[in-house]
2 protein chains.
Amino acid sequence: MKESKEYLGHFEEIVLLAVLQLGAEAYGAKIRQKVSEATERDVSIGAIYATLDRLERKGYMGSWQGEATRERGGRAKRYFKVKGAGMQALNDTNARRSKLTAGLDLGFGAA
Amino acid sequence: MKESKEYLGHFEEIVLLAVLQLGAEAYGAKIRQKVSEATERDVSIGAIYATLDRLERKGYMGSWQGEATRERGGRAKRYFKVKGAGMQALNDTNARRSKLTAGLDLGFGAA
DNA sequence: TTTCGATGTTCTAGAATGTAGAACATATCG
DNA sequence: CGATATGTTCTACATTCTAGAACATCGAAA
């Protein structure tokens, strides 16, 4: 078996992109909201964290605790940020998809 | 839970695209080759058929037996073709990804 | 200082997808 | 017929996807 690059699962890719979009505001609840918006689906919070953890375990993402308290009540947030390896995986994943969409008449272009 | 469109898994999308690319020459072995090429990975034939079957069960794809014999030996081929629902799923899948890549500086563009 | 409401994260479980490779089927040719 | 080439099915298991309940923690009301 010739192994090479690491690719992302479907939902992993979505979550990674959402984190990227949110920038400094990327934490569980917000990420969930972003993903639900984009996918037009009601995604469970468990689904989000499970994926986030997996992504972190793979080294695609980093996380840290936010300031315990601040304005109003509630538990401390856990912020996430995409690492270089994550960007790489995103690119690799896109690259292989591009090879397959190239030349196809799909309405959403190939390049 | 607000359910709406059906989306494709990671490998499902890849296989669907490969079938599309192959057109009239879309059958197991060829599909496997195409996928391996694009992904730069050694994909097993079992992986291909399992996905092909699932895709067909979902109505994204159709299949039929090719001419039993022809030039030289071997078992009859089973050809595949993407159906309208498959094209739709491909578009939906792409649409939700686009929403997340829009505005991001990823090297491979958003639109 | 106890309780309540708001905000967030962990944990538990099960379904669906992804993946490999052996087993099996069938046709041609010597 | 047996060897060989070509292709598909079957069996198994790992990983990913997904939901929702349980748990944690903080501010403010009482």
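Reminder, nothing fancy here: chain letters follow the sequence lines and each chain counts from 1.
The closest donor-acceptor contact from the side chain of A:Arg78 to the backbone of A:Gly28 lies at 3.5 Å or more, if one exists at all. B:Gln21 places a side-chain N or O within donor-acceptor distance of the main-chain N or O of A:Ala102, the cut-off being under 3.5 Å. With hydrogens and angles disregarded, no donor-acceptor distance shorter than 3.5 Å links the side chain of B:Asn94 to the backbone of B:Leu90.
The distance from atom CD1 of B:Ile14 to atom C1' of C:dT19 is 14 Å, rounded to the nearest whole Å. One interatomic measurement links the two molecules: CD of B:Glu56 to P of C:dT17, which rounds to 15 Å at whole-angstrom precision. What separates CZ of A:Arg57 from C1' of D:dC17 is a distance of 13 Å, to the nearest Å. Distance A:Trp64 CH2 to C:dG8 C1': 16 Å, rounded to the nearest Å. Computed from coordinates, the B:Leu8 CG to C:dA16 P distance equals 16 Å when rounded to whole Å. The interatomic distance linking A:Leu16 (CG) with D:dT16 (P) rounds to 13 Å, in whole Å. At whole-Å resolution of the value, CD1 in B:Ile48 and P in D:dT9 are 14 Å apart. Taking atom CZ on B:Arg78 and atom C1' on C:dT26, their separation rounds to 16 Å, with Å as the unit.
Taking the side chain of B:Arg54 as heavy atoms from C-beta on, and the options D:dT16, C:dT19, D:dA19, the nearest nucleotide is C:dT19. Ranking C:dG18, D:dG7, C:dT10 by closeness to the B:Tyr27 side chain, first place goes to D:dG7. Distances were taken from every side-chain heavy atom of B:Ile45 (C-beta onward) to each of C:dA20, D:dC23, C:dA22; the shortest belongs to C:dA22. Ranking D:dT18, D:dT9, C:dT7 by closeness to the A:Arg75 side chain, first place goes to C:dT7. Distances were taken from every side-chain heavy atom of A:Phe11 (C-beta onward) to each of D:dT18, C:dT19, D:dT16; the shortest belongs to D:dT18. Closest to the B:Lys58 side chain, of the nucleotides D:dA19, C:dT17, C:dT19, is C:dT17. Taking the side chain of B:Ala47 as heavy atoms from C-beta on, and the options C:dT10, C:dT19, C:dG8, the nearest nucleotide is C:dT19. Closest to the side chain of A:Arg41, from the set D:dT16, C:dG8, D:dT18, is D:dT18. Which of D:dT9, D:dT25, D:dA19 sits closest to the side chain of A:Ser44 comes down to D:dA19.
The two residues A:Ala89 and A:Tyr60 have their closest heavy-atom pair at CB-CZ, 3.8 Å.
The residue B:Lys30 sits apart from the nucleic acid: no heavy atom pair falls under 4.0 Å. Heavy atoms of B:Gly46 sit under 4.0 angstrom from at least one base atom.
For the pair A:Met87 and A:Val82, the minimum side-chain heavy-atom distance is below 4.5 Å.
Regarding contacts with the backbone of C:dA27, every side-chain N or O of B:Lys77 stays at 4.0 angstrom or more from both OP1 and OP2. Phosphate proximity of D:dG7 to B:Arg32: absent, as no side-chain N or O sits under 4.0 Å from OP1 or OP2.
Between the side chains of B:Thr93 and B:Glu13, no donor-acceptor pair of N or O atoms lies under 3.5 Å.
Heavy-atom distances to DNA chain C give each of B:Glu13 and A:Phe80 a nearest nucleotide, and the one nearer the 5′ end belongs to A:Phe80. Ranked by how close their nearest DNA chain C nucleotide is to the 5' end, A:His10 and A:Asp53 are led by A:Asp53.
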